[in-house]
Structures are given as structure tokens and as C-alpha cells.
Amino acid sequence: MHDQHDRRFSGRAERLRSPERIALLDVDRVVELSLDGIDARRVLDVGTGTGLFAEAFARRGLEVAGIDPSESFLELARRHVPDGTFRAGTAESIPFDDRSFDVVFLGHVLHEVDDPVRALREAGRVARRRVVVLEWPHVVEDQGPPLEHRLTRRAVERAAREAGLGPVEFTRLPRMELYRWAIPQGRGADA
Ligand SMILES: C[S@@+](CC[C@H](N)C(=O)[O-])C[C@H]1O[C@@H](n2cnc3c(N)ncnc32)[C@H](O)[C@@H]1O
């Protein structure tokens with residue numbers, strides 16, 4: 001059996017920002033779809049790494065925060081996004097209050113976490129409007145993680161149901177898969 005931590009990205013930080021990866025990830029389109037149709041002001045980038053997506057959200061004028069278990073990645077994220085708030089933390093135990101962010105984004109992270117159900121439940125807890133997950137498709141490719149580390153669409157959707165998220169909106173991008181869940185409004189005092 002795999003040690004869960006085998007799944008964690010262990011490459012060099014520069015690889016997270018290589019031009020090839022940025023093109024593959026379709027960063028601007030992903031950010032656009034994450035914000036589409038909602039009036040978002042605050043976003044949390046879970047598993048932010050070097051802050052690639054946090055930076056793209058900040059370019060759109062959003063207030064951004066990011067968490068990651070890796071202090072060395074967080075240092076780089078702070079350099080790239082000086083106005084962002086970056087804290088050490090894991091997706092399974094997000095160090096922010098309930099409903100603190102309009103959008104909670106997990107970019108290439110869900111397949112690395114120890115407990116996807118807990119991670120999605122936590123994302124739903126701190127989100128006010130939407131939870132977004134960007135993942136690799138479940139196919140063998142030269143780039144990205146090996147097949148056994150990738151999540152099937154069925155596994156992601158099952159984890160989300162168990163986490164109490166509602167119906168999913170699934171989008172197949174040229175090289176990636178994007179999942180969006182709306183947070184029901186009318187929950188909590190500020191709804
Ligand atoms: C492939 S990198 C993606 C980084 C960034 N989202 C991006 O797309 O550039 C995966 C990131 O998830 C982080 N990570 C691993 N396990 C995590 C967990 N349980 N909770 C939050 N982040 C985690 C890693 O430290 C790493 O920064």
C-alpha cells in the first residue's frame with residue numbers, strides 16, 4: 001500500500017511555476033470559471049504551493065489567502081503575492097473561521113490529501129458561495145502524477161457527497177477537470 005505522503009508533490013518549487021505547467025493548467029480560464037456568476041471578494045487557495053493561483057486571483061482584484069503544509073512553499077507564495085495572507089495548514093483542518101471566503105479553491109491538491117472527505121467538508125465550512133476543485137483527469141499521461149495517485153470523477157463526486165456538498169457542476173477543460181459546488185444561501189447570519 002502507498003504511504004499517503006507519497007502522493008505529496010516533492011518536486012522543486014520552480015516546477016510549479018514552469019511556463020509549460022502554467023499553460024497546461026489554463027490558469028486564467030480556471031480563475032474565470034471559479035468566479036463566474038458570483039460577486040466574490042475573498043478567496044482561499046488551499047494547498048497554495050508557491051501561490052500560483054492565489055496570484056492569479058489577486059490579479060483579478062480579489063483579497064487572497066492561502067494555506068499549505070510546506071513552509072518553504074509559503075515563503076515563495078508570500079514573495080509572489082505580498083498582499084496575500086498565507087498560513088501553514090492542511091486542507092483537512094483549515095485554520096480559518098466558518099464562511100470566511102466567497103470561494104475556496106483546491107488546485108491539484110485533492111489527490112494529495114490524506115482525507116478527501118474531510119478536506120471537502122472543511123472547504124464547505126469556510127466557503128460562503130462556492131467550492132472549486134481542479135484535478136488531473138484519471139488517465140495515464142507523461143506530465144503530472146501517476147495514474148494510481150489520480151482521482152476518478154466518481155471518487156471526487158462521492159467524497160463531495162459524503163462531505164455534504166450539493167450537486168456538482170463538472171467542466172472538462174482541454175487538459176484538466178474542474179468541479180464546482182455552490183454553497184446553499186440562507187445559511188448563517190450574513191446570508
Ligand atoms: C501539486 S502542488 C499544487 C500547488 C498549487 N495549488 C499549484 O497548483 O501551483 C500540491 C500542493 O498541495 C500541498 N499539500 C499536500 N498535502 C496537503 C494537505 N493535506 N493540505 C493542504 N495542502 C497540501 C503541497 O504542499 C503542495 O504545495
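If you're wondering where the values come from, they're calculated on a predicted model, not measured in any experiment. Numbering of ligands and ligand atoms starts at 1, following listing order. In this chain, numbering begins with 1 at the start of the sequence shown.
Of the listed residues (M176, R175, E177), just one forms a side-chain contact (heavy atoms from CB on, under 4.5 Å) with L173, and that residue is M176. Under the salt bridge (Lys or Arg N to Asp or Glu O under 4.0 Å) rule, D36 has a single partner from R29, R180, R130, R129, which is R180.
The aromatic rings of H111 and H108 sit perpendicular, their planes meeting at an angle over 60°, well past the 30° parallel limit.
The two residues V104 and A127 make their nearest non-hydrogen contact at CG2-CB, 3.6 Å.
Taking A54 as the reference, D45, T48, V64, V81, F86 meet the side chain to side chain contact (heavy atoms under 4.5 Å, CB included) condition, with sequence neighbours excluded.
For ligand 1, the protein residues placed under 4.0 Å by at least one non-hydrogen atom are R8, F9, L16, R21, G47, T48, G49, L52, F53, D68, P69, F73, T90, A91, E92, G107, H108, V109, E112, V113.
Of the charged side-chain nitrogens involved, at least one lies within less than 4.0 Å of a carboxylate oxygen, so that R78 and E71 count as a salt-bridged pair.
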